[in-house]
Every structure is written in C-alpha cells, then in structure tokens.
Amino acid sequence: MITKRIIPCLDVRDGRVVKGTKFTDIKDVDDPVVLADFYAKTGADELVFYDITASNENRDIFLDIVRRTADTVDIPFTIGGGIRSLEDFDRLMKAGADKVSVNSAAVKDPQLIREAALRYGSQCVVLSMDVKKNAFGRWDVYIQGGRDNTGLDAIAWAKQGVALGAGEIVLNCIDTDGVKNGYALDITREICDSVRVPVIASGGAGTMEHFYDVLTKANADAALSASVFHYKEIEIRDLKDYLKEKGVEVRC
Amino acid sequence: MIAIVDYGVGNIRNVQRAFEKLNLEVTVTRDIGQLDQAKAIILPGVGAFRDAIANLKKYNLIECLQRNAQKGTWIIGICLGMQLLYQRSYEDGEYEGLGLLRGDIVKFDDSQLKVPHMGWNRLIKQKEDALGRNLGDNEYVYFVHSYYVKTEDNSPILFTSSYGVEVAAIVRKDNIIGMQFHPEKSGAVGAKILENLKELIV
C-alpha cells in the first residue's frame, strides 16, 4: 500500500530559510535549496516551501528558488504563501513546482480552487487551512496568517474545497503550532474522515511519538514539521526507522 | 538523439532534466522529421487523456508515433504518457489511444480509495527484465494518477504496485515501455530505473 509521508517545511523570507536551523555538517544551510536537497537525500518524502516574504519586490528571488529546487531536488515539492491568483499558479508551476497551496485567497474566492484544478489537475492544487477551536468546541478557519477568524467551519470548508477540486489538504492547527505538544488529533481525524483526498497534518510535532499518533490514531496521510527537523531534534531517517518498527508503512 | 514529445501538456522540464542528468542528448520537439530521426521517443504527460490525445492529433503525431513504434524506435511513456500507449481510456468519456499495448484505462474505485493515488508506493516485481536490473524488493516510487491500466494481457507487466487493485507500474513489450509513476520525482530509485533505461536505449 501507499506509504505515510514525512514532510519537512521550509519557511522562506527574502530568499533565506527562517525559523532557524542547527546544522553544522552542511554549508550555507540558510539557502533553501541546499537544505531541501539535504532533506531529500536523507529520507524526506516531499517538501513544502512557504514564502513569507512581505514585499512584492522579492518575489523574483523566490521564483528563482523554485527553479533551482526543481533543478536540484528529485522528490515532489509544494509551494505556498501569498498565492492570490491563477497567474501566481502559472508562474510557480512553470518554474517547476509540483503542487501549489492556497489559503487566504481561496477563502476569499473559492473559484480559484476550481480554476486551478481545471487548468493543472486536482493533484496540483493543495488547500491549506489554519484552524482553531472556538468556545463551542467547533473549529473555525482563520486567514491572514492566523489573524482573522472567517467564521467558516473547518469541516465544511474542507469538504467544499475538495468539491471544488482541491486534491490534498494541509491542516495546520494554530493552537498546537510551535508548542511541540503533539498534533491536534481530534480535528485531524475528523477532517480525514470527512474528505476522500490525502490530509497532511501540520503543527505540534515535538517527539517521534507525535508523528506515530497523528499517522495512526488520527489517520493522517502525511505529517509536516519544520523546527524538529531544522533543529535536528529528530532526524528523518531515525523517525522512519521508528515508525517502521511500530508497523507504519514508510519509505525507508 | 532522444526526443521528448512537446504536445502542450504538463511540465516537461522535469522529465527533460532527468534525461539530461544521464548525459543523454535530449531534444524537446513536435517536429515529425526530428521524431523520425530519434533513437528513443519519450511521451511525458500530466493532465487529462482527452486533451493529450487531441493535441497529438492536432500536431499529426499519432501516425508518426505508431510508425516509429512499428519501426522499432523506443517509445517510452511516463504517467499519462504510458496511458496513451493503450487502446482506449474511459477518463471523462471514451477516447481511443495509440493502441501500441492492449488494454483500457479506467478509474480507481473512489468509493473505496482516496483518489488520486498520490504518494510513494512499493514496486512488486512480476517479471525479470533489464529495465528492472538491481531493483530490490523494497523500492518505492512516486505516483500521482486517478486512472490505471486494466488489461487481459499481463505479459508486458514488469512491476506492479498495490492500491486496492494491482496497478501496472512498469510495462515493456519489446521497444514499447511505460511507467505509471514519475521516475524523475522518485529520488534514487527513479534515477536507478532511468539508468537502466539508458543502458537499454543507447
């Protein structure tokens, strides 16, 4: 059967990886392409880059990173962050991205998902959602980097996104993100049960057991993390050995 | 010279790059004269079967590909390119393919499975072939597809993968080769398969 995927995430600002890294054995680790290549060679199944560049002027720098990644890395990669239009899709796909993820822009204009899926196929369109639990125990969708509550229900939005043509969902829980206390298993499970496309869990990984839990108990198809890999708290190869030993099908 | 058919679908740059990394002379073209000169013709493909076959027709490439296949030129289909090698596809209708291999292209049962079949899956050897040289029993490659080959003629199938059904992953009938996965996105294993392919075609 198909394996569960482990996906390192690289946040890129002005052409450099941010969130900090702790590598001594590879040179120029802040270059996203160098780090991406390192992860690809040490067992990552896929990569996600988020462009968190604030200004438009540096957009070309990021496009160049996409091109260089496509030239260097021989596993699939997804680009997200600031995608607003079909033209943004075009630029990134032409530069060599395998998939493009949309977040805020899709909430404001859901037809963007449909148009992108019609042009490139659903497998290229990833719906990224930031969610947070409300006082009633339901999960709301947030946009603008987690600042604005849209009032949309997470499960309803996931279903709508898939109906419009999204081929994959990245589910990021605002409360667990960066806390390292584990993924939000309950909402991840609910989303996985609600849609028939792969779901990538994001936000909260601190230990190998957290990965095991979200891939088995919550049934996520993939688990994404940034800091545990960047800070070398967990090596992908060790993580995969651990998961395999526990009976999870992974690519070792 | 290796020719990659430029018929207006998907991103062929990744496939081009993968063959260039093998130090092969690669031309991206839809020129019939050039295709007739090629030692091997690569049919890449991301997108829908209908559009792909319509474009091949538009550029008068159907007869060219069939003639070259007959002549013994290597014809190598990747992903959708492999599906085009078969007789017909039922992707959003019914469309005739190149008919170089016997079988139909049908959709995965999406009431039972997540579709597309997307991610890394294991290659299971069905038959010895030079194309599968040095491939062990635990090799994973990257798939992205919603349709698969249904055929009564299993003789060309070298490797399968399991996804609810047995998926034809690598097929070969003489000079006709198909790969349902993306070797150019399959890390070291993909590179090994392309190396084997290179040995075969040069």
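All values derive from a computational prediction rather than experimental measurement. Sequence lines set the chain letters: A, B, ... in the order given, protein chains first and strands last, and positions in each chain run from 1.
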For [X], look at atom [atom1] and say whether over 12 heavy atoms of other residues, nucleotides or ligands are found less than 6.0 Å away.
X: B:Lys125; atom1: NZ; result: yes
X: B:Glu195; atom1: CD; result: yes
X: B:Lys21; atom1: NZ; result: yes
X: A:Glu209; atom1: CD; result: no
X: A:Lys159; atom1: NZ; result: no
X: B:Arg50; atom1: CZ; result: no
X: A:Lys244; atom1: NZ; result: no
X: B:Asp137; atom1: CG; result: no

How long is the gap from CZ on A:Arg251 to OG on B:Ser186, to the nearest 0.5 Å? 8.0 Å

Chain A interface, residue from B:Ser162, B:Ala191, B:Gly190, B:Gly164 that has the most non-hydrogen pairs under 4.5 Å: B:Ser162

What part of [X] lies closer than 4.5 angstrom to a heavy atom of chain A: side chain, backbone, both or neither?
X: B:Val189; result: neither
X: B:Gln16; result: neither
X: B:Ala188; result: backbone
X: B:Tyr142; result: side chain

The interface call for A:Asp71 against chain B, heavy-atom contacts under 4.5 Å, is both

Donor-acceptor pair, side chain of [X] and main chain of [Y], under 3.5 angstrom:
X: B:Lys114; Y: A:Val197; result: yes
X: B:Trp120; Y: A:Arg5; result: no
X: B:Arg17; Y: A:Ala70; result: yes
X: A:Arg196; Y: B:Asp110; result: yes

Would a 4.5 Å heavy-atom cut-off, applied to side chains only, mark A:Arg67 and B:Arg13 as touching? yes

Less than 4.5 Å apart, side chain to side chain, heavy atoms only: is that true for B:Asn14 and A:Asp98? yes

I need the residue from A:Lys41, A:Lys99, A:Arg119 with the largest number of non-hydrogen atom pairs under 4.5 Å to chain B. A:Lys99

Grab the two heavy atoms, one from [X] and one from [Y], that are nearest each other, plus how far apart they are.
X: A:Val73; Y: B:Lys185; value: O-NZ, 4.2 Å
X: A:Pro198; Y: B:Met118; value: CG-CE, 3.9 Å
X: A:Val250; Y: B:Tyr140; value: O-OH, 3.8 Å
X: B:Asn121; Y: A:Met1; value: OD1-O, 3.1 Å

